[in-house]
Amino acid sequence: MIRKIIAVVVLVPLAIAIVALALVNRHTVPISLDAFNPGDLKYAVQVPLFVLVLGLVALGVLVGGVATWLNQGKWRRTARRAEWELGSARAEIAELKQRVADAEDEGRRWPPRALSRPAA
């Protein structure tokens, strides 16, 4: 519930600010695609300023997300390895419990004398 309230408190003003930015910055700006002669507008694209700003913000969020995801690869690999080891340990425990149950059903002592501790 608190998470939803915080999301509304943050997202509603952010949405209002984005709409205000879009309404105020509707004029077009040239984006030159010629890196060697930026003054030549022959290879330029006219884009509204708010589209340029929001597009660059979205691109920054995307690049940051990809960088974070790539940086956390070692932690995901460690988690997968730990999960595999946990599964192996659980399987081994289940097998040992079954062996104990089978030995008790047959009336044998568990653990065998060779594995038990000497009496003090």
Side-chain angles (χ1 to χ4, degrees):
M1 181 67 181
I2 290 286
R3 190 175 192 179
K4 287 183 181 183
I5 292 172
I6 291 174
V8 168
V9 167
V10 171
L11 293 179
V12 169
L14 184 63
I16 291 170
I18 289 172
V19 169
L21 176 76
L23 290 175
V24 172
N25 295 301
R26 289 180 294 174
H27 58 282
T28 59
V29 291
I31 298 175
S32 179
L33 302 175
D34 187 2
F36 298 110
N37 190 6
D40 184 16
L41 297 179
K42 185 170 36 172
Y43 300 108
V45 177
Q46 298 288 331
V47 179
L49 182 60
F50 76 91
V51 171
L52 177 65
V53 170
L54 294 178
L56 290 174
V57 167
L59 181 66
V61 167
L62 181 68
V63 168
V66 168
T68 300
W69 184 78
L70 290 173
N71 194 27
Q72 292 174 349
K74 61 183 175 183
W75 301 113
R76 287 191 305 276
R77 186 172 38 255
T78 301
R80 278 192 306 269
R81 185 176 303 124
E83 193 172 317
W84 180 82
E85 288 175 1
L86 177 62
S88 296
R90 284 183 176 163
E92 186 177 353
I93 288 170
E95 178 188 345
L96 290 173
K97 282 183 178 180
Q98 184 62 42
R99 286 175 55 189
V100 168
D102 291 345
E104 288 175 350
D105 287 345
E106 293 177 7
R108 289 186 289 170
R109 184 173 178 277
W110 189 264
R113 289 189 191 274
L115 297 178
S116 62
R117 286 194 230 158

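We count residues from 1, following the sequence as given. Please read these numbers as outputs of a predicted model, since none were measured by experiment.
A heavy-atom distance below 4.5 Å is not found between the side chains of Asn25 and Val53. Between Leu54 and Leu21, the closest side-chain pair of non-hydrogen atoms falls below 4.5 Å.
A 6.0 Å sphere centred on CD of Glu83 holds no more than 12 heavy atoms belonging to other residues, nucleotides or ligands. Enclosure of atom CZ in Arg76 by more than 12 non-hydrogen atoms of other residues, nucleotides or ligands within 6.0 angstrom is indicated.
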Next item on the list: Please test Lys4 against Val8 for side-chain contact (heavy atoms from CB on, under 4.5 Å), starting from the C-alpha separation and ending with a verdict.
Entry: CA-CA 6 Å; Lys4 287 183 181 183; Val8 168; 5.6 Å; no
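Follow the hydrophobic side-chain contacts under 4.5 Å out from Leu49 and you never reach Val19; the two are in separate clusters. Phe36 and Leu41 fall into different hydrophobic clusters, defined by Ile, Leu, Val, Met, Phe, Trp and Tyr side-chain heavy atoms under 4.5 Å apart, directly or through other members. Side-chain heavy atoms closer than 4.5 Å link hydrophobic residues (I, L, V, M, F, W, Y) into clusters, and following such links, possibly through other members, connects Ile2 to Val10. The cluster map of Ile, Leu, Val, Met, Phe, Trp and Tyr, joined by side-chain heavy atoms under 4.5 Å apart, puts Val51 and Leu33 in the same cluster. In terms of hydrophobic clustering, with Ile, Leu, Val, Met, Phe, Trp and Tyr side chains grouped at heavy-atom distances under 4.5 Å, Leu56 and Phe50 are assigned to a common cluster.
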Compile the donor-acceptor pairs under 3.5 Å between side chains in residues 58-71 and protein atoms, sequence neighbours left out, one pair per line.
residue	atom	partner	partner atom	Å
Thr68	OG1	Gly64	O	2.9

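The heavy-atom pair separating Pro30 from Ala44 by the smallest distance is CB-CB, 4.4 Å. When every heavy atom of Leu52 is checked against every heavy atom of Ile31, the shortest pair comes out as CD1-CD1, 3.5 Å.
For Leu86, the side-chain contact (heavy atoms from CB on, under 4.5 Å) partners at least two apart in sequence or on another chain are Arg90.
By the 4.5 Å side-chain criterion applied to Ile, Leu, Val, Met, Phe, Trp and Tyr, Trp84 is assigned to no cluster and stands alone.
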